[in-house]
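For reference, the structure discussed in these notes is given below.
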Amino acid sequence: MKRLLVLLMVCLLCVQGFTQSTRKIRELEKQHAELQKQISASETLLQSTKKDVKSQLDNLALLSGQINERKKYIETIEQDVKIIQTEVSRLQVELKALQRELADKKKKYERSVKYMYQNKSIQEKLMFIFSADNLSQMYRRLRYVREYADYQRLQGLQVERKQKQVSEKQQTLLASRKAKEEMLKQGEAERLKLEEQEKERKTLLTSLQKKQRSIQSEISKKRRSADRLNAQIDRLIEIEIENARKRAEEEARRKAEKKAGTVKEKAVATGESKEGAKSKTTPSKMGEYKVDSEDRRLSGVFTQNKGRLPIPITGPYVIVGHFGQYQVKGLRNVRLDNKGIDIKGKDGAQARAIFDGEVSAVFQYNGLSNVLVRHGSYISVYCNLSSVLVKKGSVLKARDIIGQVNTDKDGNTVLHFQLRKETEKLNPELWLHR
């Protein structure tokens with residue numbers, strides 16, 4: 001009975017290992033399918049065919065973004081190939097162990113079959129039993145004959161199950177090798193596409209390098225516009241921080257009054273003087289609070305979701321402008337400074353909230369709408385909207401639609417997105433799930 005239980009446990013573990021291997025391969029294939037879908041969709045984004053500097057710079061940003069996406073995809077494929085290779089090596093070791101166990105059990109089964117064949121007649125068994133010297137020995141021999149028959153059946157069952165385990169392990173190993181081959185083919189195809197895109201980028205850079213003065217003029221124009229927009233955002237955020245400070249002070253005042261009332265009641269009950277009670281309830285400086293309790297709770301949950309927040313635009317997208325100061329690769333003296341990121345989408349794309357929050361401001365700039373959403377002490381900013389579906393005070397859930405992203409005359413649909421923690425500017429790419 002114990003042997004049978006052990007056998008069942010071993011079989012269960014083997015089946016579990018088979019299921020885990022299959023699940024791991026399916027998960028990797030699903031991730032690849034999603035990444036491939038995103039890259040394929042980003043290639044459908046409209047590109048202007050105009051030859052002016054602005055359009056060429058826009059195309060360069062889009063192409064650079066697509067190249068970065070493809071490089072990340074290739075890196076993912078390489079990592080997954082390593083994971084599968086490790087799995088293949090593990091499966092090979094397990095398969096060899098199972099095959100050795102199967103061979104050993106077959107030998108034992110063969111020996112038991114031969115023994116039973118040599119002593120197959122009922123007469124021989126009866127002679128073996130009744131030739132005992134006493135009843136105790138006869139009972140032991142009878143039990144031995146029965147247990148040996150059970151043992152033989154168990155050996156046959158073990159051989160059958162071990163053969164099944166070997167077969168399943170071989171199938172899993174074959175599936176893993178096939179998955180690895182498919183990923184290697186994908187990686188090679190992506191490398192070829194990457195080479196084509198890099199050639200296209202090089203051609204575009206050659207054209208732009210001849211227009212250095214026009215490039216500087218266009219960059220300066222964009223920088224001035226961005227500076228004015230950021231100044232307005234900064235002013236609104238300062239107002240929001242001041243409002244948060246007032247809310248915190250009000251909450252602290254209410255808590256202090258409640259505590260003072262409780263202490264006063266206790267003082268009266270115990271005969272303490274009013275002056276003594278008052279001296280014990282003097283609240284600490286209220287200005288030390290930056291946010292109230294609800295803001296603190298929301299901020300904590302927001303922080304826990306770093307790297308898992310949804311992309312703030314619907315449909316296919318490519319990040320064409322990165323956070324911070326950086327040099328445009330291939331262009332001399334062309335340096336960009338971005339307080340957020342720029343996300344290019346398809347015509348008709350919509351901006352969506354990255355987390356639960358409340359709209360703290362909706363304002364206009366250059367004829368377009370911009371929205372600030374507060375998530376505790378964090379604030380997300382959505383710029384370049386042709387229309388909005390929210391207003392100040394609107395309560396939003398993650399992925400709620402905020403408004404329509406504007407498409408300019410050149411066919412570019414770009415959402416400018418920023419993330420702040422009070423006055424601190426954060427890199428949104430570190431917070432978004434991609």
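No hydrogens, no waters, no symmetry mates; every other heavy atom, side chains included, goes into these values.
- Between the side chain of Asp356 and the backbone N or O of Ala398, at least one donor-acceptor pair lies under 3.5 Å.
- Residues Leu57 and Glu218 come closest through the heavy atom pair CD1-CG, 3.8 Å.
- In this structure, CD1 in Ile354 is found 14.0 Å from CD1 in Ile313, a value given to the nearest 0.5 Å.
- From Tyr365, atom OH reaches atom CD of Gln232 across 8.0 Å, with rounding to the nearest 0.5 Å.
- Rounded to the nearest 0.5 Å, atoms OG (Ser225) and CG (Asn366) are 5.0 Å apart.
- Two residues are said to be in side-chain contact when any heavy atoms from C-beta on lie closer than 4.5 Å; Asn406 and Leu385 fail this criterion.
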- request: Determine, stepwise, if the pair Ile233 / Ile237 fulfils side-chain contact (heavy atoms from CB on, under 4.5 Å).
  value: CA-CA 6 Å; Ile233 293 171; Ile237 287 177; 3.7 Å; yes
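- Looking only at distances, a side-chain donor or acceptor of Tyr326 sits under 3.5 Å from a matching main-chain atom of His322.
- In this structure, the side chains of Arg177 and Gln92 come closer than 4.5 Å at one or more pairs of heavy atoms.
- For Lys222, the salt bridge (charged side-chain N to carboxylate O under 4.0 Å, His left out) partners are Asp58, not counting sequence neighbours.
- Using modelled atom types, no side-chain atom of Ser394 and backbone atom of Val390 make a donor-acceptor pair closer than 3.5 Å.
- Residue pairs satisfying the side chain to side chain donor-acceptor pair (under 3.5 Å) criterion with at least one member in residues 233-242, sequence neighbours excluded, are listed as follows: Asp234-Arg420, Glu240-Arg374, Glu242-Arg245.
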_Could you walk me through whether Lys344 and Gln66 satisfy the side-chain contact (heavy atoms from CB on, under 4.5 Å) test, starting with their C-alpha distance in whole Å, then the side-chain angles of each, then the deciding distance to 0.1 Å, before giving a yes or no?_
CA-CA 11 Å; Lys344 183 178 175 69; Gln66 289 175 338; over 6 Å; no
Requested in this report: Evaluate the side-chain contact (heavy atoms from CB on, under 4.5 Å) criterion for residues Ser89 and Gln85: first the C-alpha distance (whole Å), next the side-chain angles of each, then the deciding distance (0.1 Å), finally the verdict.
Outcome: CA-CA 6 Å; Ser89 300; Gln85 181 55 49; 3.4 Å; yes
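- Residues meeting the salt bridge (charged side-chain N to carboxylate O under 4.0 Å, His left out) test with Arg191, sequence neighbours left out: Glu78.
- The structure places CD of Glu429 at 10.0 Å from CZ of Phe323, a figure rounded to the nearest 0.5 Å.
- Atom CG of Leu236 is separated from atom NZ of Lys392 by 8.5 Å, given to the nearest 0.5 angstrom.
- Between Trp431 and Phe417, the ring centre distance reaches or exceeds 6.0 Å.
- Taking all atoms of both residues into account, the shortest heavy-atom contact from Arg352 to Thr314 is CD-CG2, 4.1 Å.
- The environment of Lys421 atom NZ is sparse: at most 12 non-hydrogen atoms of other residues, nucleotides or ligands sit within 6.0 angstrom.
- Applying the salt bridge (charged side-chain N to carboxylate O under 4.0 Å, His left out) test to Asp400 and every residue at least two apart in sequence or in another chain returns nothing.
- Within the 3.5 Å criterion, the main-chain N or O of Ser377 finds a donor-acceptor partner in the side chain of Ser299.
- You'll find the side chain of Val318 reaches within 4.5 Å of the side chain of Val320, heavy atoms only.
- When the options Ile402, Leu389, Val381 are evaluated for a side chain to side chain contact (heavy atoms under 4.5 Å, CB included) with Val371, the one that passes is Ile402.
- The nearest pair of heavy atoms linking Lys169 to Leu98 is CE-CD1, 3.9 Å.
- A donor-acceptor pair under 3.5 Å is formed between the side chain of Gln404 and the backbone N or O of Gly348.
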Q.
What verdict does the salt bridge (charged side-chain N to carboxylate O under 4.0 Å, His left out) test give for Glu182 and Lys178, after you've listed the backbone C-alpha separation in whole Å, the side-chain angles of each residue and the deciding distance to 0.1 Å?
A. CA-CA 6 Å; Glu182 288 296 323; Lys178 187 177 178 182; over 6 Å; no
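- The NZ atom of Lys82 sits 7.5 Å away from atom CD of Gln79, with the distance rounded to the nearest 0.5 Å.
- Listed for the Thr413 side chain is no donor-acceptor partner under 3.5 Å among the backbone atoms of Thr407.
- With sequence neighbours excluded, no residue satisfies salt bridge (charged side-chain N to carboxylate O under 4.0 Å, His left out) with Glu188.
- None of Ile401, Asn370, Leu368, Val362 except one satisfies the side chain to side chain contact (heavy atoms under 4.5 Å, CB included) rule with Val388; the exception is Val362.
- For residues 337-360, the ring pair (Phe, Tyr, Trp, His ring centres under 6.0 Å) pairs, not counting sequence neighbours, are Phe302-Phe355.
- Gln186 and Tyr73 form a side-chain donor-acceptor contact under 3.5 Å, judged by distance and modelled atom types alone.
- Looking at heavy atoms from C-beta onward, Arg100 lies in side-chain contact with Lys96 at the 4.5 angstrom threshold.
- Panel note: side chain Asn384, backbone Val414; a donor-acceptor pair is recorded below 3.5 Å.
- Looking at heavy atoms from C-beta onward, Lys71 lies in side-chain contact with Leu194 at the 4.5 angstrom threshold.
- One finds a salt bridge joining Arg90 and Glu94 here, because a Lys/Arg side-chain nitrogen approaches an Asp/Glu carboxylate oxygen to under 4.0 Å.
- Listed here is the closest heavy atom pair of Ala351 and Leu415: CB-CD1, 4.1 Å.
- Between Val405 and Gln350, every side-chain heavy-atom pair lies at or beyond the 4.5 Å cut-off.
- Under the 4.5 Å side-chain criterion, counting only non-hydrogen atoms from C-beta, Thr76 is in contact with Asp80.
- A heavy-atom distance below 4.5 Å is found between the side chains of Cys383 and Leu229.
- Asp408 places a side-chain N or O within donor-acceptor distance of the main-chain N or O of Asn412, the cut-off being under 3.5 Å.
- Scanning all heavy atoms of the two residues, the minimum distance from Pro312 to Leu432 falls at CD-CD1, 3.8 Å.
- Nearest heavy-atom pair, Val88 versus Ser176, reported as atom, atom and distance to 0.1 Å: CG2-CB, 3.7 Å.
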Fill in: Steps toward side-chain hydrogen bond (donor to acceptor under 3.5 Å, both in side chains) verdict (Ser64, Arg201)
CA-CA 7 Å; Ser64 298; Arg201 186 178 188 277; 2.9 Å; yes
Should Glu195 and Leu192 be marked as a side-chain contact (heavy atoms from CB on, under 4.5 Å) after you check the CA-CA gap, both sets of side-chain angles, and the distance that decides it?
CA-CA 5 Å; Glu195 288 176 6; Leu192 291 173; 4.2 Å; yes
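- With Ser207 contributing its side chain and Thr203 its backbone, the two residues share no donor-acceptor pair below 3.5 Å.
- Using a cut-off of 4.0 Å between Lys/Arg side-chain N and Asp/Glu carboxylate O, Glu250 and Arg254 are scored as salt-bridged.
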Self-check item: Audit row: Tyr382, Gln418, side-chain hydrogen bond (donor to acceptor under 3.5 Å, both in side chains) steps and yes/no
Solution: CA-CA 7 Å; Tyr382 310 79; Gln418 294 187 18; over 6 Å; no
